[in-house]
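Structure first, commentary second.
As the structure is a prediction and not an experimental result, all values here were calculated from the model.
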Amino acid sequence: MHDLLRSVWDEPRPPRPPARGWWDWALVAVLVAAALLEGVLRPDMPWRVLGVAVTAGLAPLLLWRRSHPLAVLVAGFAVSALVPLATGGEATETYTIAYMLVLVYSLFRWASGREIVAGALVVVGKAVLWSALGYTAAADVPPSLAVLCAAGALGTALRYRAGSRARELEQARMLERESVARDLHDTVAHHVSAVAIRAQAGLATAESRPGAAVEALTVVESEASRALAEMRAMVRVLRRGRPADLEPSPGIGDLAALAATAGPGPAVDVAVTGDVDGLAPSLGTAVYRLAQEAVTNARRHARDATRIDVRVEADDTSVRLCVRDDGDTGPLRPTSAPGYGLIGMAERADLLGGTCTAAPDPGRGWTVTAVLPRNGARE
């Protein structure tokens with residue numbers, strides 16, 4: 001129990017709450033209008049003007065419910081708790097004041113652990129104060145607290161759901177970065193091995209064949225430059241100390257293995273155009289990995305698909321990959337939150353200085369498009 005209380009007390013605020021938008025202003029406008037309308041439709045309400053004024057005046061607090069959840073809750077509950085003191089104990093609350101539940105929800109959704117504890121004490125304190133002063137019947141206190149607890153529970157549930165989703169997304173990104181690091185490790189190891197072999201050959205023939213030594217130094221310079229470029233790319237990746245796979249990394253030449261005309265699932269057609277012979281190994285591996293993931297997703301999720309087209313076009317500045325299927329893009333195929341595979345693809349493309357997008361086609365089918373710079377990642 002002590003550890004649980006300590007974890008709640010030390011809970012930080014959720015990162016990056018949504019910024020205030022037009023919908024927040026629209027919500028406040030609707031609540032103010034509702035308070036005024038209630039005042040018109042309830043002429044027998046005691047202290048009608050004061051009640052409507054308090055309800056409409058507290059509505060703008062919702063604009064700061066994410067950035068200052070504790071402050072707005074304390075202000076709202078304090079004002080609503082003290083107003084009856086000015087009316088001799090007569091009730092002045094309107095039905096519209098129920099939006100105070102949003103402040104409770106926001107406290108549990110966006111506040112820190114310490115703020116949640118303080119805000120909960122304020123909410124319970126108001127209920128106890130009103131019961132002690134006779135403003136609320138003792139029998140009405142438990143149901144009121146139950147409703148407030150329900151609002152808090154909803155905020156807590158969505159808070160930890162969002163946190164779990166964020167951790168899963170970060171894990172997907174880290175796994176993709178590790179995969180990129182392993183691929184780059186193989187590439188750099190290849191270049192360094194070539195440098196070592198050429199240097200040894202140059203030393204062995206330096207006395208008998210000076211020209212061969214010069215040729216070896218030329219190759220060493222070229223391979224060292226390419227290895228340095230690959231190392232700069234690898235530095236941008238979180239490798240986390242895992243050893244590289246011993247299996248050679250695939251490249252453009254392995255795309256043909258993705259073509260499948262037999263077995264379950266749609267057939268895959270692969271076409272490569274342009275000059276791909278001079279591509280850096282890391283770039284070729286990235287194109288293959290992106291195509292592989294896109295084809296796998298299409299074969300798993302494209303409903304009623306009969307064909308998957310993989311197209312790679314290379315020019316002097318970039319390499320463009322396009323994977324398109326002809327599956328049904330109806331409501332059963334998710335189009336809102338991207339899956340972890342798509343997140344990993346976008347992460348891999350970004351690490352190499354490119355972009356990767358996935359979206360349904362206007363008519364039928366789904367297209368994944370990646371554009372990677374030919375000269376490597378941006379510094």
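Asp326 places no side-chain N or O within donor-acceptor distance of the main-chain N or O of Gly365, the cut-off being under 3.5 Å. Although no hydrogens or angles enter the test, the distance criterion places no donor-acceptor pair under 3.5 Å between the side chain of Asn297 and the main chain of Arg299.
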Self-check item: side-chain contact (heavy atoms from CB on, under 4.5 Å) between Trp25 and Leu63, worked out
Solution: CA-CA 7 Å; Trp25 294 96; Leu63 297 175; 3.6 Å; yes
Practice problem: Please lay out, stage by stage, how Arg66 and Ser106 fare under the test side-chain contact (heavy atoms from CB on, under 4.5 Å). | Solution: CA-CA 6 Å; Arg66 302 186 193 94; Ser106 300; 5.6 Å; no
Practice problem: Dump the intermediate steps for salt bridge (Lys or Arg N to Asp or Glu O under 4.0 Å) on Arg42 and Asp44, then the final yes or no. | Solution: CA-CA 5 Å; Arg42 295 180 59 192; Asp44 57 338; 5.1 Å; no
Practice problem: Show your reasoning for whether side-chain contact (heavy atoms from CB on, under 4.5 Å) applies to Met100 and Val104. | Solution: CA-CA 7 Å; Met100 299 291 286; Val104 178; 5.9 Å; no
Quiz item: Can you check side-chain contact (heavy atoms from CB on, under 4.5 Å) on Tyr95 and Glu38, steps first, answer last?
Solution: CA-CA 8 Å; Tyr95 298 140; Glu38 183 179 355; 3.4 Å; yes
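In this structure, the separation between OG1 on Thr355 and CG on Asp350 is 9.0 Å, given to the nearest 0.5 Å. For the atom pair Glu313 CD and Ser318 OG, the distance stands at 9.5 Å (nearest 0.5 Å). Note that CG of Asp309 is 8.5 Å distant from SG of Cys322, once rounded to the nearest 0.5 Å. To the nearest 0.5 Å, atom OG1 of residue Thr96 and atom CG of residue Leu37 are 8.0 Å apart. Taken to the nearest 0.5 Å, the CZ atom of Arg161 stands 14.5 Å off from the OG1 atom of Thr156. Between atom OG1 of residue Thr369 and atom CZ of residue Arg311 there is a gap of 13.0 Å, rounded to the nearest 0.5 Å.
For the pair Ile308 and Ala298, the tightest heavy-atom approach, listed with the atom from each and the gap, is CD1-CB, 3.5 Å. Between Arg159 and Arg109, the closest heavy-atom pair is NH1-O, 3.4 Å. Val276 approaches Ala314 most closely through the heavy-atom pair CG1-CB, 3.7 Å. Contact between Pro373 and Leu283 at its shortest, heavy atoms only, is O-CD2, 3.8 Å. The two residues Ala59 and Leu31 come nearest to each other via the heavy atoms CB-CB, 4.3 Å. When all heavy atoms of Ile252 and Leu279 are compared, the closest pair comes out as CG1-CD1, 3.8 Å.
The closest side-chain heavy-atom distance from Asp304 to Arg364 is below 4.5 Å. At least one side-chain heavy atom of Pro18 sits under 4.5 Å from a side-chain heavy atom of Trp110. Asp325 is not listed as a side-chain neighbour of Pro266, based on a closest heavy-atom distance of 4.5 Å or more. Side-chain contact between Thr357 and Val368 is absent, with no heavy atoms from C-beta onward closer than 4.5 Å. Val310 has its side chain within reach of Val295: a pair of non-hydrogen atoms, C-beta onward, lies under 4.5 Å apart. Counting heavy atoms from C-beta on, the side chains of Leu50 and Val83 come closer than 4.5 Å. Counting heavy atoms from C-beta on, the side chains of Thr317 and Arg374 never come closer than 4.5 Å. The shortest distance between side-chain heavy atoms of Tyr99 and Leu58 falls below 4.5 Å.
With hydrophobic clusters built from ILVMFWY side chains whose heavy atoms lie under 4.5 angstrom apart, Leu103 shares a cluster with Leu101. Following chains of ILVMFWY side-chain contacts shorter than 4.5 Å, one cannot reach Val30 starting from Val102, and the two form parts of different hydrophobic clusters. Hydrophobic clustering (side-chain heavy atoms under 4.5 Å, transitive across Ile, Leu, Val, Met, Phe, Trp, Tyr) groups Val54 together with Leu36. Val72 and Tyr105 fall into different hydrophobic clusters, where Ile, Leu, Val, Met, Phe, Trp and Tyr residues are linked whenever their side-chain heavy atoms come under 4.5 Å apart, directly or through other members. If you chain together hydrophobic residues whose side chains sit under 4.5 Å apart, Leu107 and Val79 fall into the same group.
Under a 4.0 Å N-O distance rule, the pair Arg307/Asp269 qualifies as a salt bridge. Salt bridge status for Arg65 with Asp24: present, with a side-chain N to carboxylate O gap under 4.0 Å. Using a cutoff of 4.0 Å between basic side-chain nitrogens and carboxylate oxygens, Arg289 and Asp254 are not scored as salt-bridged.
There is a side-chain donor-acceptor pair under 3.5 Å between Thr367 and Arg324. At a cut-off of 3.5 Å, with distance as the only test, a side-chain donor of Thr55 or Thr94 sits close to an acceptor on the other residue.
Remark: Arg13 pairs with Glu115 by the salt bridge (Lys or Arg N to Asp or Glu O under 4.0 Å) rule, at least two apart or across chains.
Counting side-chain heavy-atom gaps under 4.5 Å among Ile, Leu, Val, Met, Phe, Trp and Tyr, the cluster of Trp22 also holds Trp23.
The 12-atom threshold is exceeded at CZ of Arg48, counting heavy atoms of other residues, nucleotides or ligands nearer than 6.0 Å.
The side chain to side chain contact (heavy atoms under 4.5 Å, CB included) test with Phe108 is passed by exactly one of Ile116, Leu158, Leu154: Ile116.
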